[in-house]
Each structure stands twice: as C-alpha cells, then as structure tokens.
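Here the structure comes first, spelled out in structure tokens, and everything after it is commentary.
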Amino acid sequence: MTTIKIISDPYKRNVEFEILNDTANEWERINYQNNPDSRLITETIRKSFFPYKVNDILNILQEEYS
C-alpha cells in the first residue's frame, strides 16, 4: 500500500505531494525527478486552491498509485 501525504498552503495556493519511501522510512517529494509523468505535478494542480481540486486529486491518486 502506497502512503501519500498532501501538503496544502491555502495562503500561497500551493499544493505539494510526498510519498513514503518504505525502505528508507522517509518522505520524498513527488516531482519531475522521481515521477516526471505524474499529473500531480502539473501547474493546474500544484497552484490551485485545494478544496476546489480535491476530487481531481483523488482521481489522479487512484489512477497513478493504486
């Protein structure tokens, strides 16, 4: 099971995602280096107001990480 952390800053309208690396037991940011094709790192998702994009984010998480 993949564990993902969603970090939202509503004042800056910034959303970031981290994935738990089970072997190192550390959080790693989902970015262009470790997942360049992820829709989570698109500008539309990262620079949005989280409550307006929750449904989209959950759909992406289910498609990419389930």
Side-chain angles (χ1 to χ4, degrees):
M1 180 170 150
T2 304
T3 305
I4 297 177
K5 184 190 314 185
I6 302 171
I7 305 163
S8 174
D9 185 345
Y11 300 106
K12 294 181 182 178
R13 288 195 170 201
N14 188 31
V15 181
E16 296 177 352
F17 303 90
E18 293 183 352
I19 190 166
L20 183 62
N21 181 339
D22 290 332
T23 56
N25 201 23
E26 295 179 348
W27 290 100
E28 297 176 353
R29 184 159 290 147
I30 296 174
N31 54 31
Y32 291 106
Q33 285 79 31
N34 61 13
N35 195 352
D37 297 327
S38 178
R39 291 186 302 161
L40 292 174
I41 57 177
T42 61
E43 200 72 19
T44 308
I45 297 294
R46 289 187 321 108
K47 297 296 180 188
S48 64
F49 186 54
F50 181 74
Y52 296 154
K53 291 293 184 175
V54 168
N55 193 36
D56 295 338
I57 290 169
L58 291 176
N59 288 335
I60 293 169
L61 288 172
Q62 185 176 8
E63 291 172 13
E64 293 183 6
Y65 292 96
S66 65

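No hydrogens, no waters, no symmetry mates; every other heavy atom, side chains included, goes into these values.
- In this view, Glu43 and Arg46, Lys47 satisfy the side-chain contact (heavy atoms from CB on, under 4.5 Å) rule, not counting sequence neighbours.
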Stepwise, does the side chain to side chain contact (heavy atoms under 4.5 Å, CB included) test hold for Lys5 with Trp27? CA-CA 8 Å; Lys5 184 190 314 185; Trp27 290 100; 3.5 Å; yes

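- The shortest side-chain heavy-atom distance between Lys53 and Val15 does not fall under the 4.5 Å cut-off.
- To the nearest 0.5 Å, atom OG of residue Ser48 and atom CD1 of residue Ile57 are 5.5 Å apart.
- The side-chain contact (heavy atoms from CB on, under 4.5 Å) check on Ser38 picks up Ile30, Asn35, Leu40, Ile41, Glu64, Tyr65, with sequence neighbours excluded.
- With rounding to the nearest 0.5 angstrom, the CG atom of Leu20 is 10.0 Å from the CD1 atom of Ile4.
- Under the side-chain contact (heavy atoms from CB on, under 4.5 Å) criterion, Thr23 pairs with Asn21, not counting sequence neighbours.
- The CZ atom of Arg39 lies 8.0 Å from the CG atom of Asn59; values are rounded to the nearest 0.5 Å.
- Here NZ of Lys12 is found 15.5 Å from CZ of Phe49. Values are rounded to the nearest 0.5 Å.
- Hydrophobic clustering, with ILVMFWY side chains joined whenever heavy atoms are under 4.5 angstrom apart, groups Tyr32 together with Phe17.
- Although no hydrogens or angles enter the test, the distance criterion places a donor-acceptor pair under 3.5 Å between the side chain of Asn34 and the main chain of Arg29.
- The closest side-chain heavy-atom distance from Ile60 to Ile45 is below 4.5 Å.
- Although no hydrogens or angles enter the test, the distance criterion places no donor-acceptor pair under 3.5 Å between the side chain of Ser66 and the main chain of Glu63.
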Given the rule in the side chain to side chain contact (heavy atoms under 4.5 Å, CB included) test, do Ile6 and Leu61 qualify, once you have shown the distances and angles that lead to the verdict?
CA-CA 11 Å; Ile6 302 171; Leu61 288 172; 4.2 Å; yes

Next item on the list: Apply side chain to side chain contact (heavy atoms under 4.5 Å, CB included) to Phe50 and Asp9, showing your working.
Entry: CA-CA 8 Å; Phe50 181 74; Asp9 185 345; over 6 Å; no

